[in-house]
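First the structure, in the form of structure tokens, and then the observations on it.
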Amino acid sequence: MADFLVLGAGMVGVSSALALQARGHQVTIVDRTGAGRETSYGNAGMIQVEAAEPYALPRDMATLFKYALEISNDVTWKVNGALQMAPALCSYFCHSSPEKHAKISRVHSQLTFRSTADHEPLIRDSESEHLITHCGLVMLHRDEKEFEKASKKAEFLMKEYGVTSDIFDGKSYQQKEPALKKAPAGAVHYTQSWSCSSPGDLTKAYCDLFVKRGGRFVTGDASTLQHTVSGWQILTSDGELKVEQVVVALGPWSPELLKRFGYRIPMVYKRGYHGHFLAPKTLQRPFLDVANGVLAAPMVKGLRVTTGAALVPLNSAIDTSQLKRGVLALNEIIDLGEQVEEPQWMGTRPCMPDMLPLVGEAPNHKGLWFHFGHGHQGFTLGPTTSELLIQAIDGESSELLEALAPVNRL
């Protein structure tokens with residue numbers, strides 16, 4: 001068996017290490033901080049079976065106009081961010097055509113459908129059941145017409161992908177969710193998704209399981225990675241580490257590292273923020289306030305409010321305006337209570353223009369494996385795409401592997 005290095009200790013990286021370890025490989029995870037402290041720490045904590053169709057870029061002019069003027073709270077942006085991402089955004093727009101998006105969704109749905117089943121043994125073996133609730137995810141609609149569209153969409157998702165849901169009028173759902181101060185127009189409750197009350201802790205628990213099983217975790221700087229005659233080497237806190245093969249699972253930081261090896265990987269960087277609140281009433285289940293682009297979910301630290309997408313460069317300063325707008329809107333329908341004082345978290349979702357993760361061997365380097373670009377679904381899909389990565393490493397082939405392979409997409 002080979003010696004593997006996994007760069008990145010988020011959900012995707014840790015899941016990669018566990019899957020490699022299960023095949024008998026010697027594996028070392030290298031991260032600049034610790035397990036689950038970056039994007040995997042601050043997401044909405046959902047394992048989203050219902051996310052069969054990845055988020056497409058709207059193509060109707062009315063919605064794009066709202067985005068451009070930031071009338072919608074779903075998306076905010078900066079000029080320098082839009083310019084840097086222009087090629088990726090143009091490609092994203094093209095891949096969002098109805099025909100291409102339908103084809104992409106047929107691939108993506110195969111991943112999300114098995115996500116909870118792939119997480120389940122890791123949750124059990126890491127003794128993390130206390131972090132998981134099998135409560136589903138609710139799409140809360142304030143506008144009657146939008147609710148009608150959402151109801152039809154739910155019926156389509158059931159017919160096309162087997163995604164189950166319950167549909168409620170506003171008053172009926174208010175009875176199921178006592179935390180609501182007033183009835184919405186309606187709600188779609190997707191029943192198969194799971195909620196995690198501390199995604200950072202779950203990722204760390206998976207990493208602790210990896211170490212318990214004989215794996216190695218060290219801190220180090222991914223930018224010191226070098227290609228050698230015999231394989232790969234990197235500088236770590238334990239000194240120079242030499243391995244035969246390396247998996248790049250650095251999420252949004254992956255393209256910058258891979259530039260050094262001649263790869264130009266287009267990516268759309270969607271920054272998100274969260275805040276915790278000491279809500280006097282606990283939500284029965286997480287919900288997305290569709291009209292205002294914020295998701296509210298019960299967490300260990302309080303009620304977490306997570307924002308949509310900010311299209312800004314990776315090194316942009318913190319700007320919580322999107323979070324503040326979402327919080328103001330949420331307070332109209334639930335009592336959020338006092339905000340918890342804590343350092344402001346932000347994280348970036350690494351979105352490929354074709355909305356599918358890159359999983360497989362690098363086109364021009366033997367022993368270099370790509371495992372990133374999961375967009376909004378890294379926390380959901382880490383264990384699932386890790387199993388597919390192992391299949392690729394073992395030399396297997398399938399239509400699904402071909403759809404995710406870097407050689408076919410870069």
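Side-chain atoms are counted along with the backbone in the values below, which use heavy atoms only and exclude waters and symmetry mates.
A donor-acceptor pair under 3.5 Å is absent between the side-chain atoms of Thr348 and the main chain of Arg271, judged by distance alone. With hydrogens and angles disregarded, no donor-acceptor distance shorter than 3.5 Å links the side chain of Gln284 to the backbone of Pro178. Between the side chain of Glu244 and the backbone N or O of Asp3, at least one donor-acceptor pair lies under 3.5 Å. The closest donor-acceptor contact from the side chain of Ser109 to the backbone of Arg106 lies under 3.5 Å. In terms of modelled atom types and a separation under 3.5 Å, the side chain of Asn292 and the main chain of Val294 share no donor-acceptor contact. Judged by distance alone, the side chain of Asp143 and the main-chain N or O of Lys145 form a donor-acceptor pair under 3.5 Å. The closest donor-acceptor contact from the side chain of Glu361 to the backbone of Gly367 lies under 3.5 Å. At least one donor-acceptor pair under 3.5 Å links the side chain of Asn408 to the backbone N or O of Glu402. The main-chain N or O of Gln322 is found under 3.5 Å from a side-chain atom of Asn73 such that the two form a donor-acceptor pair.
Partner Leu303 forms a side-chain contact (heavy atoms from CB on, under 4.5 Å) with one of Asp335, Leu336, Thr282 and no other, that one being Leu336.
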Exercise for review: Would you sort out whether Trp194 and Leu137 count as a side chain to side chain contact (heavy atoms under 4.5 Å, CB included), showing the intermediate values?
Suggested key: CA-CA 8 Å; Trp194 294 357; Leu137 175 63; over 6 Å; no
Exercise for review: Test salt bridge (Lys or Arg N to Asp or Glu O under 4.0 Å) on Lys153 and Glu146 and set out the steps.
Suggested key: CA-CA 10 Å; Lys153 183 68 174 182; Glu146 292 301 317; over 6 Å; no
**Study point:** Derivation of the side chain to side chain contact (heavy atoms under 4.5 Å, CB included) call for Val359 and Phe372
**Key:** CA-CA 7 Å; Val359 184; Phe372 58 86; over 6 Å; no
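Under 3.5 Å, the side chains of Ser165 and His189 contain no donor-acceptor pair of N or O atoms. Under the 3.5 Å distance criterion, with hydrogens and angles disregarded, no donor-acceptor pair is assigned to the side chains of His101 and Tyr55. A donor and an acceptor atom, one from each side chain of Thr191 and Thr164, are located under 3.5 Å apart. A donor-acceptor contact under 3.5 angstrom links the side chains of Glu50 and Ser193, judged on distance only. At a cut-off of 3.5 Å, with distance as the only test, a side-chain donor of Asp169 or Ser172 sits close to an acceptor on the other residue.
In this structure, Arg142 is not positioned above the aromatic face of Phe287 in the sense of NZ or CZ being under 6.0 Å from the six-membered ring centre and within 45° of the axis.
Other residues, nucleotides and ligands contribute more than 12 heavy atoms inside 6.0 Å of the CD atom of Glu129. Phe113 CZ: 12 or fewer foreign heavy atoms inside a 6.0 Å radius.
Between Arg32 and Glu38 there is a salt bridge, since at least one side-chain N of the basic residue sits less than 4.0 Å from a carboxylate O of the acidic one. The residues Glu155 and Lys152 are annotated as not salt-bridged, no charged nitrogen and carboxylate oxygen being separated by less than 4.0 angstrom. Salt-bridge formation is not detected for the pair Glu332/Lys181: no Lys NZ or Arg NE/NH1/NH2 atom is positioned less than 4.0 Å from an Asp or Glu carboxylate oxygen. Look at Asp208 and Lys212 and you find no salt bridge, because none of the NZ, NE, NH1 or NH2 atoms lies under 4.0 Å from a carboxylate O. For Arg23 and Glu387, the salt-bridge test passes: some basic side-chain N is under 4.0 Å from an acidic carboxylate O. No salt bridge links Asp74 with Lys66; every basic N to acidic carboxylate O contact stays at or beyond 4.0 Å.
Applying the ring pair (Phe, Tyr, Trp, His ring centres under 6.0 Å) test to His276 and every residue at least two apart in sequence or in another chain returns His274.
Here OG of Ser386 is found 9.5 Å from CE of Met11. Values are rounded to the nearest 0.5 Å. The CZ atom of Phe147 sits 12.0 Å away from the OH atom of Tyr173 when rounded to the nearest 0.5 Å. Within the model, atoms CD1 of Ile334 and CG of Leu283 stand 5.0 Å from one another, a figure rounded to the nearest 0.5 Å.
His374 has its ring centre no less than 6.0 Å from the ring centre of Phe379. Aromatic ring centres of Phe261 and His227 lie farther apart than the 6.0 Å criterion allows.
Between Leu18 and Arg213 there is a side-chain heavy-atom pair separated by less than 4.5 Å. A heavy-atom distance below 4.5 Å is not found between the side chains of Thr219 and Thr236.
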Show the atom names and distances, to 0.1 Å, of all donor-acceptor pairs under 3.5 Å that link a side chain in residues 349-357 to residues at least two apart or in another chain.
| residue | atom | partner | partner atom | Å |
| --- | --- | --- | --- | --- |
| Arg349 | NH1 | Gly308 | O | 2.5 |
| Arg349 | NH2 | Thr307 | O | 2.8 |
| Asp354 | OD1 | Leu356 | N | 3.4 |
| Asp354 | OD1 | Arg409 | NH2 | 2.8 |
| Asp354 | OD2 | Arg409 | NE | 2.8 |
| Asp354 | OD2 | Arg409 | NH2 | 3.1 |

Can you give each donor-acceptor pair under 3.5 Å made by side-chain atoms of residues 311-319, sequence neighbours left out, with the distance rounded to 0.1 Å?
| residue | atom | partner | partner atom | Å |
| --- | --- | --- | --- | --- |
| Ser316 | OG | Pro313 | O | 3.2 |
| Asp319 | OD1 | Ser321 | N | 3.1 |
| Asp319 | OD1 | Ser321 | OG | 3.0 |

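For the pair Ser237 and Val218, the tightest heavy-atom approach, listed with the atom from each and the gap, is OG-CB, 4.2 Å.
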